[in-house]
2 protein chains.
Amino acid sequence: MTPAVAGGAPARTTPPLNRAQVLAAGVALADREGLAAVSMRHLSAELGVVPMALYKHVADKHDLVAGMIDLVVAGYAVPPPGLEWREGVRRHVLAARDALLEHPWLRPAIEAATQRTPAVLAHMDTVAGAFAAGGLSYDLVHHGMHALGHRIWGFSPEAFSNPPAPGTLPLPAPSAAEQHAMMAAVAQQYPHIAAIAIDTATRHPLGACDDQFEFEFTLDLLLEAVARLHVTGWSSR
Amino acid sequence: MTPAVAGGAPARTTPPLNRAQVLAAGVALADREGLAAVSMRHLSAELGVVPMALYKHVADKHDLVAGMIDLVVAGYAVPPPGLEWREGVRRHVLAARDALLEHPWLRPAIEAATQRTPAVLAHMDTVAGAFAAGGLSYDLVHHGMHALGHRIWGFSPEAFSNPPAPGTLPLPAPSAAEQHAMMAAVAQQYPHIAAIAIDTATRHPLGACDDQFEFEFTLDLLLEAVARLHVTGWSSR
DNA sequence: CCGAAATGGTGTACGGCGTACACCTTGGCC
DNA sequence: GGCCAAGGTGTACGCCGTACACCATTTCGG
C-alpha cells in the first residue's frame, strides 16, 4: 500500500515479459522440438502465461517467426575485414551456414517467410558489400547475389532427398533380401540415379552425400564463375 | 431390382470417385485458390462429397499433396532427343520452369515435401541421363545435379523478396513524400542494396528484376562451370 | 498525492483444421 | 440369395490462430 521500500503489497510476482524474451523462447523451443512445436499455445505455456498474452508482444504468428528468423540472422558471425572479396563472401556464407546448422528449423522458416525483416536485409546488404569491396560492378553484384540465392542464408536448395527427418517412417526395417530386390527394381527404373549411387558408394564407402562438400563445391563454382565474369568486364546489357 | 439392361433402379446417382480425380481436383483447386485453400474439407466440398470420403483415395493430407506434385511433375515437357548435353539439360530445366510458372503453388509444395515420389524420381533420373549423355562421369553428374539444386524443379532459391504475394499488405499506398523519405532511410542503412536498386533502375527503367533472365543467367553459369570441369577431367577425389 | 491512462496478463469463444472410428449403402460375384 | 469389398456418411476429438471484453498493476501529469 505505502509506496516504495519493500514488504508491502505483492507488487508483481514476476517481471513482465517483453518481445525479446518471447522471441528467444521461440527460438529455444524450435531448437528443442522443431518449428511445428512453436504454436502460440505451446510457447505461451513454456513462458507460464496464457496464449493471448503473447499478442501483447507479437502482432501474430507470422510476426513471431519473422522475429525468430531476425534474431538468428542478426547473430550470424562476421568475418574479419580486409579479406579479398571472394574470400569475404565465402566466409559470410559459411558463417551463415554454421548458424543454420545449429537451427535446423531456420531453413523451412526462411523458405516460408514472405517478408524481409531488418536483420535479413542487413545480412543481404553485408554480403552485397563484400562483393562490392572487390570492385565488382553493382550490376554484377546483383546477379551474383541472385546466383547465390538461398546460399546467402546458409543452405542450398537440395533436389536430393533430405534425411528421412525425425518422426517419419517408423516402418520395420526391410530384410536384406527385400532391400536387394528394391534396389534392383530402382536400378531398372532409374538407371542414372542408380549409377550415381554406385559411383558415390565406391568413392565414399561409408555414407551418403557429404553435404558440406556439396555446399562448398557449388559455392566455389559460383564464386569462380562470377570472378571470371568480373575480370572479363561482364555486363547484363 | 432386376439386374441389367436399363430403366430400373437409380443404380448409382454418380460414379464413384477415384484417386486420379481427387488429385486432379486438388491441382485445379490449388491453381485457382492457392495451396492454402486445399484442405480436406474444402476439396471434398468441391467434389460434392463429405471430407472423410477422400480418405478412401488418399492416405492423408501429405499423400494428397505428394500426389498433386507427382501429377504435375509427370507432365513436364520432354525436349527432343539427340541434343548436345548442355542444351539437353537446359531444356529439361526450362521445361520444368514452364510447368512451375503455371502452378505457383508447386514451389512451396515441393519445398515442404519430405518424400520423393515416383514421377519426381523419374524426373531426376531423366536430368541425370541428360548429363550422362554428354559422357560426363557419374561423379561429375552427381555434383552437377547438386549444383543445380532446386533449379531441377524449375525454380531458383530466391534470396530477394518475391512479389508481395496476393492478399498481403492492404495498406494505403504511402504518399510520394513518404516514399522518398523511406527510400532515403533505406539507402542510409543498406547502402549496397540501394546501389543495386539504383543500378537496376538505370539499366531497366521500367520494372524490377527480370526473373527469367536471372534464372537463365545462373543456369548457364552453372552449366558452363560444369562443362569446364568436365573437359579438364575433374573428379571429387 | 490522486486519478487517468497505458501496459500487460486473463477468460471465453469461434471457426477452421486433420483425422479416428463406427456405420451404412451399393455393386459385383459365387 | 447371400456375402463381401468398395466407397460414402456422421459424429467427435483435439489441435490451431486469434477476436473481444475484461481486469490488475504500474506510471505519470496535474
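Side chains included, hydrogens not; waters and symmetry mates left out as well; all remaining heavy atoms used. Sequence lines set the chain letters: A, B, ... in the order given, protein chains first and strands last, and positions in each chain run from 1.
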What integer distance in Å separates [X]:[atom1] from [N]:[atom2]?
X        : N       : atom1 : atom2 : answer
Lys56(A) : dA24(D) : NZ    : C1'   : 11 Å
Arg19(B) : dA6(D)  : CZ    : P     : 16 Å
Leu17(B) : dT26(C) : CG    : P     : 17 Å
Leu47(A) : dG8(C)  : CG    : P     : 14 Å
Leu54(B) : dC17(C) : CG    : P     : 12 Å

Report yes or no: do [X] and [Y] form a side-chain donor-acceptor pair below 3.5 Å?
X         : Y         : answer
Glu158(A) : His146(B) : yes
His192(B) : Tyr138(A) : yes
Asp210(B) : His204(B) : no

Practice problem: Would you jot down, in residue-number order, the residues of residues 24-37 of chain A having a non-hydrogen atom under 4.0 Å from DNA chain C? | Solution: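 Those residues whose heavy atoms fall under 4.0 Å from DNA chain C, taken from residues 24-37 of chain A, amount to none.
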Practice problem: Go through His103(B) and Asp31(B) one step at a time and tell me if the side chain to side chain donor-acceptor pair (under 3.5 Å) criterion holds. | Solution: CA-CA 6 Å; His103(B) 305 287; Asp31(B) 285 346; 2.7 Å; yes
Quiz item: Taking the six-membered ring of Phe155(B) as reference, does the NZ or CZ atom of Arg97(B) fall below 6.0 Å from its centre and within a 45° cone about the axis?
Solution: no
Exercise. Considering just the side-chain nitrogens and oxygens of His57(A), establish if one lies under 4.0 Å of OP1 or OP2 belonging to dT7(C).
Key: no
Could you list all N or O pairs between the protein and nucleotides 18-21 of chain C that sit under 3.5 Å apart?
| from | atom 1 | to | atom 2 | distance (Å) |
| --- | --- | --- | --- | --- |
| dG18(C) | OP1 | Lys61(B) | NZ | 3.1 |
| dG18(C) | OP2 | Met40(B) | N | 2.9 |
| dG18(C) | N7 | Arg41(B) | NH1 | 2.3 |
| dG18(C) | O6 | Arg41(B) | NH1 | 3.4 |
| dG18(C) | O6 | Arg41(B) | NH2 | 3.2 |
| dT19(C) | OP2 | Tyr55(B) | OH | 2.8 |
| dT19(C) | OP2 | Lys61(B) | N | 2.9 |
| dT19(C) | O5' | Tyr55(B) | OH | 3.3 |

Quiz item: What orientation do His123(B) and Tyr76(B) show, parallel under 30°, tilted 30 to 60°, or perpendicular over 60°?
Solution: perpendicular
Exercise. May I ask you to decide if Val38(B)'s main-chain N or O and Lys61(B)'s side chain share a donor-acceptor pair within less than 3.5 Å?
Key: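 Checked: pair present.
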Quiz item: Which residues pass the salt bridge (Lys or Arg N to Asp or Glu O under 4.0 Å) test with Glu102(A), sequence neighbours left out?
Solution: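 Here no residue qualifies.
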